[in-house]
Trainee: 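Below you'll find the structure I mean.
The figures here come from the full heavy-atom set of this structure, side chains too, leaving out hydrogens, waters and symmetry mates. Letters A, B, ... are given to chains in the order of the sequence lines, protein chains preceding strands, and every chain is numbered from 1.
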Amino acid sequence: MEALSVPSISLQNFSTLNNNLLFRNHQILSTIDKCSSSKQLKEVHARMLRTGLFFDPFSASKLFTASALSSFSTLDYARNLFDQIPQPNLYTWNTLIRAYASSSDPFQSFVIFLDLLDKCEDLPNKFTFPFVIKAASELKASRVGTAVHGMAIKLSFGMDLYILNSLVRFYGACGDLSMAERLFKGISCKDVVSWNSMISAFAQGNCPEDALELFLKMERENVMPNSVTMVGVLSACAKKLDLEFGRWVCSYIERKGIKVDLTLCNAMLDMYTKCGSVDDAQKLFDEMPERDVFSWTIMLDGYAKMGDYDAARLVFNAMPVKEIAAWNVLISAYEQNGKPKEALAIFNELQLSKIAKPDEVTLVSTLSACAQLGAIDLGGWIHVYIKREGIVLNCHLISSLVDMYAKCGSLEKALEVFYSVEERDVYVWSAMIAGLGMHGRGKAAIDLFFEMQEAKVKPNSVTFTNVLCACSHAGLVDEGRVFFHEMEPVYGVVPEMKHYACMVDILGRAGFLEEAMELINEMSTTPSASVWGALLGACSLHMNVELGELASDQLLKLEPRNHGAIVLLSNIYAKTGRWEKVSELRKLMRDTELKKEPGCSSIEANGNVHEFLVGDNTHPLSSNIYSKLEEIATKLKSVGYEPNKSHLLQLIEEDDLKEQALSLHSEKLAIAFGLVTLAPSQPIRVVKNLRICGDCHAFAKLVSRVYDRDILLRDRYRFHHFRDGHCSCMDYW
DNA sequence: TTAGGGTTAG
């Protein structure tokens, strides 16, 4: 009996104790929800460890959830906490996967998911899958996501609405719109999220028409859209550049009383700027009760894209928080509008200000600006920076580096980067093919094209443009014909205008002018200015007056202000001695106030880019440059150099004036500057905005021999590598 | 005993 009394007492005691514990537990647990800083959370954690409450899986999961999902706690701390939980339950595992899925490192969700399968006694449930699928969408990890989809079906969650909705988004994000649509159509009880997922999938997958159509269908089926729907619809309007429909959507939102939150406001701003009405955007922006970094960046982007850099700068200066995206907007706007120097100035400002840290987008845009300017020192510095900061070299960065090195004249470095990586997508291969092509290595470019086939990478339209360009620069006519004729039947790439222009260039340059004309006549679409330009260039090279007149007529019909066409035609007339025609064209240029684009050459020295215009004497070292030019002239004359005056296109009449004008061509100034400032071991790298003229070409060849210097000159079309009196273009350009 | 899916800038 005694034995009975003891347990009865202890049971009673235990029960009291348990009640107290429950009460205390409840108190501690309820404080978790009230935490508003990581410090408070850590205090609760400590108390739970002291009381042993942390070792109760449910209580631990409460604490963990707060740390994983709260805005004030870091994911690292949460992960640490998770690792301390002796036996995390499925709920806890799911929460960790969820937290990683919306973090900056969604890949961890996969790692944790595999860990769950290995270590958790429960199988994944219907809550697990949406989180894992979300991670797959973020990463566009189509194979992993598809496998996860299969697993969900096996565990008989194939019809769960939440999982299906996540899958629609996942397949959409991976670009498999037909699979997304198949799943969407198969959902028996679609809710508003199902519609939203499909509309966004269309909008983001470059099918804005389908997105808008689906929205109208949703209307017809009386499904009430919410603000998320409208964000997707506005994004489709922005993609379609459909301002009218966009405006209708904005009034629809008002009419239907759809709640306009900050995100929706931003989507409206974005639609207005993308559709070209920055005024509407500015009006809305001014009225917005609340703005976030997105709102500011959209406005900045709007002004920058339309080329209103002053307004963009005002927005930028007013931004309360200058995230890296804002810097990127400015840098890429300058870089893409042919203002690479301004782009580099912003990059410099970013470096000095240390407000934000360059990311991959910054580096891609900056590398492109370096490529445009031929700024190899800065480009190389960025390469070192990437390595130093441990930035992962993705395909985008690799193609930018390859492109930068190739365009700055260092084919070796471009090849080094290309062969140093294992993952190469079609753009990386295409960039390398272009690099070889512009350096006149046509055969190597073609070999690389076939190497790409062996690596099972499918060529696209860019690849073919680059391959054809490579053939053109190297005079590989037969190879060019084969590629052009095989691109559609063998590789499934339909020839576009630029491919026709390349092919006309290949044929024309090699003197097959009639064949080039036949090709133009066979075209099913109207030939563009670039096609006629290629023919005209070839006519100028081979002095074909008849076809030249035809080509320039067509070209001027399409682009009446194309001074290049007039210059080329006058070139043909001058070479064939039709002076009266030359005068007519000169008069036409005067009357229409058409000015020849001034020649401009740039050269990098000690990290600074120096620019020279024709006859420029504004450079601080101008007097040194001109004495150097005189010295060069004397030296070259002694080896038999005669200036070739025909390249002046008879725009200057007096012979001595001509000679003087020739010596003032910008590339000559840049080369002289290079000889003055660069160490004898350094190659002289010059970038010219126009095509190099025959006289400057002969000049550079001789300078390379007389001064024993490598000269790398990039003109509008290609590279000329001068060494020991020869050029890599073999005088075919 | 806890919960999930869809949205905007480069």
Side-chain angles (χ1 to χ4, degrees), chain A residues 22 25-26 29 32-33 56-66 68-69 89-95 97-99 101-102 124-134 137 157 160-170 172-173 180 184 187 190-201 203-204 225-236 238 261-271 273-274 291-302 304-305 315 319 323-333 335-336 356 358-366 396:
Chain A
L22 267 178
N25 292 354
H26 177 73
L29 292 186
I32 292 177
D33 298 328
D56 164 49
F58 176 77
S59 306
S61 80
K62 274 285 194 192
L63 178 70
F64 169 71
T65 305
L69 303 180
N89 57 22
L90 185 54
Y91 174 87
T92 314
W93 283 99
N94 288 347
T95 306
I97 295 173
R98 174 188 177 190
S102 39
N125 64 8
K126 61 174 183 169
F127 294 106
T128 318
F129 288 99
F131 304 139
V132 184
I133 297 166
K134 183 188 169 110
S137 312
F157 296 126
D160 181 89
L161 182 61
Y162 284 79
I163 295 176
L164 282 167
N165 288 345
S166 329
L167 284 167
V168 168
R169 178 182 173 235
F170 159 72
F184 172 74
I187 302 175
K190 299 181 186 68
D191 67 359
V192 66
V193 179
S194 318
W195 290 90
N196 293 352
S197 305
M198 197 63 231
I199 289 174
S200 315
Q204 282 165 21
N226 62 15
S227 63
V228 179
T229 322
M230 302 325 291
V231 172
V233 172
L234 284 167
S235 150
D261 57 13
L262 183 55
T263 307
L264 184 50
C265 249
N266 288 342
M268 289 177 180
L269 281 184
D270 187 50
M271 180 278 293
T273 59
K274 292 251 169 67
R291 300 165 191 138
D292 65 0
V293 64
F294 283 86
S295 333
W296 284 96
T297 314
I298 292 165
M299 290 311 298
L300 174 63
D301 189 50
K305 284 272 159 61
V315 174
M319 285 177 88
E323 280 190 7
I324 189 61
W327 295 86
N328 292 346
V329 166
L330 276 183
I331 294 174
S332 80
E335 173 261 308
Q336 284 174 17
D359 67 1
E360 180 210 310
V361 179
T362 327
L363 299 172
V364 166
S365 302
T366 310
H396 211 147

Trainee: Would you mind reading off the distance between A:Trp296 atom CH2 and B:dA9 atom P, rounded to a whole angstrom?
Mentor: 19 Å

Trainee: Could you check which of B:dA9, B:dG10, B:dA3 has an atom nearest any side-chain atom of A:Asp359?
Mentor: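 Of all the options, the side chain of A:Asp359 is nearest to B:dG10.
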
Trainee: Would you please say whether a donor-acceptor pair under 3.5 Å links the side chains of A:Asn266 and A:Thr263?
Mentor: no

Trainee: How many whole angstroms separate atom CG of A:Leu167 from atom P of B:dG6?
Mentor: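 So the two atoms are 11 Å apart, to the nearest Å.
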
Trainee: Check whether any side-chain heavy atom of A:Pro57 lies under 4.5 Å from a side-chain heavy atom of A:Thr92, and answer yes or no.
Mentor: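 Result no, sub-4.5 Å side-chain heavy-atom pair not found.
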
Trainee: Kindly point out which of B:dT7, B:dT8, B:dA9 is positioned nearest to the side chain of A:Thr297?
Mentor: B:dA9

Trainee: Counting heavy atoms from C-beta on, name the nucleotide in B:dG4, B:dT7, B:dA9 closest to the side chain of A:Asp160.
Mentor: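 Between B:dG4, B:dT7, B:dA9, the one nearest the side chain of A:Asp160 would be B:dG4.
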
Trainee: Would you call the rings of A:Trp195 and A:Phe184 parallel, tilted or perpendicular, taking 30° and 60° as the class edges?
Mentor: perpendicular

Trainee: Nearest to the side chain of A:Arg169, heavy atoms from C-beta on, is which of B:dA9, B:dG4, B:dT7?
Mentor: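 Of the options given, the side chain of A:Arg169 lies nearest B:dT7.
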
Trainee: With rounding to the nearest 0.5 Å, note down the distance linking CD1 in A:Ile187 to CG in A:Leu161.
Mentor: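 A:Ile187 CD1 to A:Leu161 CG: 6.0 Å, rounded to 0.5 Å.
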
Trainee: Select one nucleotide: of B:dA9, B:dT7, B:dG6, the one nearest the side-chain heavy atoms of A:Lys134.
Mentor: B:dG6

Trainee: Side-chain contact test, heavy atoms from C-beta onward, threshold under 4.5 Å: evaluate it for A:Val361 versus A:Ser332 and give yes or no.
Mentor: no

Trainee: Nearest-Å distance, CG (A:Asn125) to P (B:dT1)?
Mentor: 15 Å

Trainee: Write down the distance between CD1 (A:Ile298) and P (B:dA9), rounded to a whole number of angstrom.
Mentor: 7 Å

Trainee: Output the single nucleotide from B:dT8, B:dG10, B:dT2 whose closest atom is nearest the side chain of A:Phe294.
Mentor: B:dT8

Trainee: Mind calculating the distance between CZ (A:Phe129) and P (B:dG4) to the nearest angstrom?
Mentor: 18 Å

Trainee: Describe the nucleic acid contact of A:Leu161 in one word from base, sugar-phosphate, nothing, applying a heavy-atom distance below 4.0 Å.
Mentor: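 Base contact - A:Leu161 has a heavy atom under 4.0 Å of at least one base atom.
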
Trainee: Is any side-chain N or O of A:Ser61 under 3.5 Å from a base N or O of B:dT2, one able to act as donor and the other as acceptor?
Mentor: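 Present.
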
Trainee: Of the nucleotides B:dA3, B:dT7, B:dG10, which one has an atom closest to the side chain of A:Phe127?
Mentor: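 The answer is B:dA3.
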
Trainee: What's the CD1-C1' distance between A:Ile163 and B:dG6, to the nearest Å?
Mentor: 15 Å

Trainee: Tell me what A:Thr263 touches on the nucleic acid: a base, only sugar-phosphate, or nothing, going by heavy atoms under 4.0 Å.
Mentor: base

Trainee: With a cut-off of less than 4.0 Å, is there a side-chain N or O of A:Gln204 near OP1 or OP2 of B:dT8?
Mentor: yes

Trainee: Between B:dG6, B:dT8, B:dT1, which nucleotide gets closest to the side-chain atoms of A:Phe58?
Mentor: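 Between B:dG6, B:dT8, B:dT1, the one nearest the side chain of A:Phe58 would be B:dT1.
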
Trainee: Using a heavy-atom cut-off of 4.0 Å across all strands, would you classify A:Val361 as base, sugar-phosphate, or nothing?
Mentor: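 Counting heavy atoms under 4.0 Å across all strands, the contact made by A:Val361 includes a base.
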
Trainee: Measuring only between side-chain heavy atoms, which start at C-beta, is A:Thr273 closer than 4.5 Å to A:Asp301?
Mentor: no

Trainee: What I want to check is whether an N or O donor and acceptor connect the side chain of A:Asn94 with the base of B:dG4 at under 3.5 Å.
Mentor: no

Trainee: Measure from the side chain of A:Lys305, starting at C-beta and using heavy atoms only, and say which of B:dG6, B:dG10, B:dT8 lies closest.
Mentor: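 The closest nucleotide is B:dG10.
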
Trainee: Looking for any heavy atom pair under 4.0 Å, which part of the strands does A:Asp33 touch: base, sugar-phosphate only, or nothing?
Mentor: nothing

Trainee: Contact class for A:Ala325 vs. all strands (heavy atom < 4.0 Å): base, sugar-phosphate, or nothing?
Mentor: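 Base: the residue A:Ala325, judged by heavy atoms under 4.0 Å, touches a nucleobase.
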
Trainee: Rounded to the nearest angstrom, tell me the gap between atom CG in A:Leu300 and atom P in B:dG10.
Mentor: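 Computing the A:Leu300:CG to B:dG10:P distance gives 11 Å.
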
Trainee: For A:Lys190 and B:dG6, what is the distance between atoms NZ and C1' respectively, to the nearest whole Å?
Mentor: 15 Å

Trainee: From the options B:dT2, B:dA9, B:dG6, select the nucleotide whose nearest atom is closest to the side chain of A:Asp301.
Mentor: B:dA9

Trainee: Quick one: label A:Asp261 by what it contacts on the DNA or RNA (base, sugar-phosphate, nothing), any heavy atom closer than 4.0 Å.
Mentor: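 A:Asp261: no heavy atom of the nucleic acid under 4.0 Å.
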
Trainee: Could you tell me if the side chain of A:Leu29 sits less than 4.5 Å from the side chain of A:Ser59, heavy atoms only?
Mentor: yes

